[in-house]
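Here the structure is a predicted model, which means the values were calculated and not measured.
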Amino acid sequence: MEHHAPLRPGSVLLYWEPAPPDRMDVTARLGLASAEVILATWPNLHGDWSSVVHPTLLETIGLHSALSVAIDALHLANHLVYA
């Protein structure tokens with residue numbers, strides 16, 4: 001994989017490269033607060049691979065949004081308790 005700038009927390013990076021014969025290897029990376037992790041890999045995809053990759057990305061973005069709301073709610077609750 002090519003070198004790239006670190007991902008912001010919650011960001012997803014798709015990387016694809018040609019794989020013989022006439023296929024693609026696709027990798028999704030997820031930026032976390034303290035690290036970057038491989039979210040998923042799809043080797044040897046053929047043709048239009050967006051229908052394979054898209055559901056995983058939607059689930060990841062939804063999970064990140066839900067966790068962000070939960071963290072904000074906890075911060076607000078802590079602020080109200082200690083205010």
Can you establish whether the number of heavy atoms outside Asp22 located under 6.0 Å from its atom CG is more than 12?
-> no
Output the distance between atom CD1 (Ile61) and atom OG1 (Thr56), rounded to the nearest 0.5 Å.
-> 11.0 Å
First locate atom CG of Leu30, then atom OG1 of Thr60, and finally report the distance between them rounded to the nearest 0.5 Å.
-> 6.5 Å
Under 4.5 Å between side-chain heavy atoms, hopping through other hydrophobics if needed: is there a path connecting [X] to [Y]?
{"X": "Leu74", "Y": "Val81", "value": "no"}
{"X": "Val69", "Y": "Leu67", "value": "no"}
{"X": "Ile38", "Y": "Leu45", "value": "no"}
{"X": "Leu14", "Y": "Met24", "value": "yes"}

Can you name the closest pair of heavy atoms from [X] and [Y] and give their distance?
{"X": "Ala28", "Y": "Leu57", "value": "CB-CD2, 4.2 Å"}
{"X": "Pro9", "Y": "Ala33", "value": "CG-CA, 3.8 Å"}
{"X": "Pro43", "Y": "Asp25", "value": "CA-OD1, 3.4 Å"}
{"X": "Ser50", "Y": "Pro55", "value": "O-CD, 4.3 Å"}

Within residues 23-64 or reaching into it, pairs that qualify as ring pair (Phe, Tyr, Trp, His ring centres under 6.0 Å) - sequence neighbours excluded =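 Applying ring pair (Phe, Tyr, Trp, His ring centres under 6.0 Å) to every pair that reaches into residues 23-64, excluding sequence neighbours, yields Trp16-Trp49.
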Only one of Asn44, Val53, Thr41 forms a side-chain contact (heavy atoms from CB on, under 4.5 Å) with Val26, so which one is it?
->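 Of Asn44, Val53, Thr41, side-chain contact (heavy atoms from CB on, under 4.5 Å) with Val26 is met by Val53 alone.
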